[in-house]
Protein chains: 2
Amino acid sequence: MQPLSAGQVEDVAEVFRLLGEPNRLRIVLACLDGAHEVGEIVERLGLSQSLTSHHLRLLRTARILRAERRGRHVAYALDDDHVRDVVANMVAHLTEAHDHHGHSHPPHDGDLDQSEGAER
Amino acid sequence: MQPLSAGQVEDVAEVFRLLGEPNRLRIVLACLDGAHEVGEIVERLGLSQSLTSHHLRLLRTARILRAERRGRHVAYALDDDHVRDVVANMVAHLTEAHDHHGHSHPPHDGDLDQSEGAER
DNA sequence: TCTACATATGAACATGTGCTCATGTGTTGG
DNA sequence: CCAACACATGAGCACATGTTCATATGTAGA
């Protein structure tokens, strides 16, 4: 993999950043199995309509989701399969077989952080 | 893919969030091809030593990177191959063949946003 | 057209986050 | 032990971001 240009790095980072917000990620996850209307998403995730719409706008502008009118409703779906792969990949990795530590990670921190756990 | 628990969603989001900052992403990208000492990273990315260390701490705590002492230096590498796959995946997708729009995306915004481009 | 519905948008606020500056901690060499 | 090097950490600040409240836009039905 050749080194990316500054612009490319920022583009990649932006997609990651948008997926890095729990509510936004839930919205994207909800859209993995096809298009869903806004009302559906609102009800299913328990978010306010306004907040959901704001997040949808960000995801739409970033070309992560795509909007389609259906009567007076609007349905959102993944704009491309890029994100589906990335998200599925991440989820698969994070959920599969590294249960040797609970979901709340213990201190770990490798060989460093020797100062932790004992006040000096 | 079964629905994830709230905690799992937040864990996934946290990894995305950490990768969603350009400098942090650059650090991770620099570590894709093996371990690198902090000084190397600092020089290579042109970031301040302090900032680099702060970012490294976050990446280490999140188990994205792993630290290893080498004399008085410290080398960082990917803690697992999860992230390598995800990042490589994303980079591959984002860099390959969808050049029909430049790196700075034009308005797009699908069928909506009809209010844009004309003051009312 | 008027009303109700479904979604989008703007303003404002609290909180989070990246960055720098200064300083602390740990390690090697003299 | 002491100085120099390599890295880590804490405080503080400017700025970004998530959320809510209020309101606008657009659509379908009577």
Side-chain angles (χ1 to χ4, degrees), chain A residues 9-10 13-14 16-28 35-62 65-76 107 109-120, chain B residues 9-10 13-14 16-28 35-62 65-76 107 109-120:
Chain A
V9 170
E10 304 215 350
E14 167 130 352
F16 278 136
R17 188 176 64 85
L18 289 168
L19 296 176
E21 211 282 322
N23 286 331
R24 230 147 37 204
L25 180 59
R26 282 183 200 110
I27 293 176
V28 173
H36 291 277
E37 301 176 354
V38 179
E40 266 185 83
I41 300 176
V42 166
E43 200 177 345
R44 187 157 152 188
L45 302 186
L47 304 177
S48 77
Q49 184 268 319
S50 177
L51 179 57
T52 305
S53 195
H54 278 295
H55 283 317
L56 285 171
R57 178 147 119 110
L58 294 176
L59 293 169
R60 168 164 41 99
T61 303
L65 295 186
R66 182 174 61 85
E68 174 195 357
R69 295 219 72 114
R70 289 184 182 182
R72 40 183 182 181
H73 297 196
V74 177
Y76 281 81
D109 255 298
D111 304 310
L112 304 188
D113 284 0
Q114 67 292 357
S115 61
E116 192 176 17
E119 73 292 353
R120 3 176 230 89
Chain B
V9 170
E10 304 216 350
E14 168 132 353
F16 278 135
R17 187 176 64 83
L18 288 168
L19 295 176
E21 209 284 321
N23 287 331
R24 230 147 37 204
L25 180 58
R26 280 185 258 265
I27 293 176
V28 173
H36 292 276
E37 300 177 355
V38 179
E40 266 184 83
I41 300 176
V42 166
E43 200 178 343
R44 188 157 150 188
L45 301 186
L47 304 177
S48 77
Q49 183 269 317
S50 176
L51 179 57
T52 305
S53 195
H54 278 295
H55 283 318
L56 285 172
R57 179 148 119 107
L58 294 176
L59 293 169
R60 167 164 42 97
T61 303
L65 295 187
R66 181 175 60 84
E68 175 195 355
R69 293 219 74 114
R70 290 184 181 180
R72 41 182 179 181
H73 296 197
V74 176
Y76 281 82
D109 254 300
D111 305 310
L112 304 188
D113 284 0
Q114 66 294 356
S115 60
E116 191 176 16
E119 73 293 353
R120 4 176 229 88

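So that the names make sense, note that chain A is the first sequence line, chain B the second, and so on, each numbered from 1.
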* Applying side chain to side chain contact (heavy atoms under 4.5 Å, CB included), run through A/I27 and A/T52 and close with a yes or a no. => CA-CA 8 Å; A/I27 293 176; A/T52 305; 4.3 Å; yes
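An OP1 or OP2 oxygen of C/dA8 is reached within less than 4.0 angstrom by a side-chain nitrogen or oxygen of A/Y76. Between A/R57 and C/dG10 there is a side-chain polar atom (N or O) within less than 4.0 angstrom of OP1 or OP2.
Between A/L45 and A/N23 there is no side-chain heavy-atom pair separated by less than 4.5 Å. Here the side chains of B/R60 and B/R57 are in contact, with some heavy-atom distance below 4.5 Å.
Residues that satisfy the side-chain hydrogen bond (donor to acceptor under 3.5 Å, both in side chains) test with A/Q49, not counting sequence neighbours, are absent from this structure. Residues passing the salt bridge (charged side-chain N to carboxylate O under 4.0 Å, His left out) test with B/R26, sequence neighbours excluded: none. Residues passing the side chain to side chain contact (heavy atoms under 4.5 Å, CB included) test with A/H36 are A/D33, A/E40, A/I41, A/R44, sequence neighbours excluded. For the side-chain hydrogen bond (donor to acceptor under 3.5 Å, both in side chains) test, no residue two or more places apart in sequence or in another chain qualifies with A/E43.
When the P atom of C/dA8 is taken as reference, atom CD of A/E68 falls 13 Å away, rounded to whole Å. Taking atom NE2 of residue B/H36 and atom C1' of nucleotide D/dC7, one finds them 18 Å apart after rounding to whole Å. As a whole-Å value, the separation of B/E37 CD from D/dC5 C1' is 13 Å.
Scanning both residues, A/A62 and A/L18, for their nearest heavy atoms gives CB-CD1, 3.1 Å. The two atoms that bring B/V74 and B/A67 nearest to each other are CG1-CB, 4.0 Å, heavy atoms only. When all heavy atoms of A/F16 and B/L25 are compared, the pair lying nearest together is CE1-CD1, 4.2 Å. Scanning both residues, B/R17 and B/R24, for their nearest heavy atoms gives O-NH2, 3.5 Å.
Non-hydrogen atoms lying under 4.0 Å from DNA chain C are contributed by A/V38, A/G39, all within residues 38-45 of chain A.
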So which protein N/O to nucleotides 27-30 of chain D N/O distances come out below 3.5 Å?
none

Letter by letter from the 5' end, nucleotides 14-22 of chain C scores (B base, S sugar-phosphate only, - none; protein heavy atoms under 4.0 Å) ---SSSBBB
